[in-house]
Amino acid sequence: MKRCAYLFFVATVLMPAAVTIRSNFEGGNIGRVEQLAPNHFRCHVNGEADQQHRNRQASWYYFEIDGAAGQEVTLDLVDLQGEYNFRPGNLAINGHTRPFISYDRSKWTALPDNAIEWDKIDLRLRVHLTPARSPVWIAHVPPYTTRNLAVLLAELKGNAHVVMEEIGKSAGGRNLMMLTITNPARPLVDKKVLWLMARQHAWESGTSWVMDGAVRFLAGGNPKAAKLRDSFVFKLFPMADPDGVARGGVRFNVNGYDLNRNWDTVDPKLMPEITALRKAVLDWTDGGRRIDLFLNLHNTNDDFLQGPLSLAEPDYRDLVNRLAALLKKNTFYDTKAPRDWPPGNVARGRMDACQYLFYERAIPTLLLEQSVQTNARLGRPLSSADYRRFGAQLVISMAMAVGVGK
Ligand SMILES: [Zn+2]
């Protein structure tokens, strides 16, 4: 008996603890995990498909590795092949994306190039990792969960410049929020209106960090922000798909609907998120109020601006070009010539938010895609601090592009 206890003691002290992987926490997601060797795991990225079982995207993983402190662990991320707008071959996770790791889920660091091997035949991203501590978390992009948003909203409580409204509930019953930031002492009629939307697609946590940075700047004590609040109203949808964010989803709501398509076929039961967002915007404009620019924030593997250039008035094209020039001059955004995306020939159920709002109410809308790969101007993938900094620079640039006065 004593001998058994002694052997057990020796075994537990001398044998390294078993390495375990889990994702059963908010925003976490990894599929089947196969252990190929004690410290080598084949991790299937779950991905998600839409209501027609098409357009599978494998663009999110976020999981915890426990028991691996000081040991090299090899992770093979597989099942990465996706489909985009019914075209196969999409690879959101690839040899140019860098996993981020964290020991506290607050500070996230991109792994260096030499930690990665990309197998272009098997479409496999191999990650070599020797965690300094345990547990360690690994994710495609620094995660921003509903908890991060709750912290932000709690900090804004009592701020005289901020109005927070619940505009509806998601399909999963979560609050859909809208923030209005302005100086309430100045009359609305003298102000221009800038609208931003983030996180229509759950995996695109970069857009939440940008929104977080924009909100903190606009609501904060910087004299530049005070000046903007005097002349502008900022309307903000901080998280369009809280259910997807909570479950570690990809780009569809709980019923499988892509929240940046379907704006022309909105169904309040199946897509309550689109219903609520759309109604908030249309109530605003139909009440005789203006929107000078509606910007829809998204993440992909490239930086680009896209809007209805060929259908809109010349004023709109000038505005988009001014914004592009300001972003190029004042930020690290890798600005190129804006892309044309007219709503004219879109199949039913495929109209996105920008296309719909332009098509229905001629609202000047613009999509801003931001890369999660290496930023061409910084030479590294963006950290949460980079995204936040960009958020402040972005709203300043939007205000400058729109200008004050009539
Ligand atoms: Zn997106």
Side-chain angles (χ1 to χ4, degrees), residues 27 29 45-51 54-62 80 82-87 89-94 97 139-145 149 170 176 195-212 214 236-254 256-264 271 273-274 277-278 294-307 333-334 338-339 341 343 346 349-358 365-373 381-382 387 390-391 394:
N29 198 342
V45 172
N46 266 329
E48 285 181 344
D50 66 16
Q51 81 281 8
R54 293 292 305 271
N55 296 306
R56 174 184 187 261
Q57 295 274 307
S59 30
W60 186 245
Y61 60 87
Y62 173 23
L80 303 178
E83 185 179 58
Y84 182 73
N85 282 342
F86 301 100
R87 289 193 304 273
N90 183 261
L91 283 170
I93 295 163
N94 59 56
T97 55
H140 181 43
V141 184
Y144 187 105
T145 65
L149 179 60
S170 66
L176 296 167
W195 207 304
L196 277 95
M197 173 157 64
R199 217 62 186 278
Q200 277 187 306
H201 292 147
W203 81 267
E204 297 166 14
S205 54
T207 68
S208 281
W209 290 113
V210 169
M211 177 63 79
D212 189 287
L236 309 148
F237 292 142
M239 192 174 278
D241 183 18
D243 296 346
V245 171
R247 74 167 184 275
V250 168
R251 58 182 293 128
F252 310 112
N253 79 350
V254 296
Y257 288 89
D258 186 330
L259 295 184
N260 200 31
R261 300 291 184 274
N262 301 297
W263 276 58
D264 52 329
M271 317 162 216
E273 299 87 356
I274 298 177
L277 299 163
R278 204 174 81 157
F294 180 102
L295 196 72
N296 192 3
L297 300 170
H298 283 260
N299 286 142
T300 184
N301 288 333
D302 196 6
D303 283 1
F304 63 90
L305 301 168
Q306 183 173 276
Y333 192 71
D334 186 21
R339 298 184 188 180
W341 186 243
V346 180
R350 302 302 295 168
M351 202 177 264
D352 70 23
C354 286
Q355 290 175 316
Y356 175 82
L357 295 173
F358 173 77
T365 56
L366 188 66
L367 173 76
L368 184 145
E369 289 279 6
Q370 191 160 34
S371 177
V372 300
Q373 295 183 171
L382 302 183
Y387 285 118
F390 178 73
L394 174 64

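Atoms within a ligand are numbered from 1 in the order they appear, just like the ligands themselves. Model, not experiment: these values are computed from the prediction.
Residue Trp341 forms a side-chain contact (heavy atoms from CB on, under 4.5 Å) with just one option from Leu305, Asp352, Leu366, and that option is Asp352. The side chain to side chain donor-acceptor pair (under 3.5 Å) with His298 is formed by just one residue from the set Arg199, Gln200, Glu369, Gln370; it is Gln200.
Here the CZ atom belonging to Phe237 is positioned 5.0 Å from the CH2 atom belonging to Trp195, to the nearest 0.5 angstrom.
Listed by chain and number, the protein atoms of type N/O/S under 2.8 Å from the Zn ion (ligand 1) are His201 ND1, Glu204 OE1, Glu204 OE2, His298 ND1; waters are omitted.
Arg247 and Glu48 are joined by a salt bridge, as a carboxylate oxygen and a charged side-chain nitrogen come within less than 4.0 angstrom of each other.
Using modelled atom types, one finds no donor on one side chain facing an acceptor on the other under 3.5 Å when comparing Asn260 with Arg251. When only modelled atom types and interatomic distance are considered, Gln355 and Asp264 share no side-chain donor-acceptor pair under 3.5 Å.
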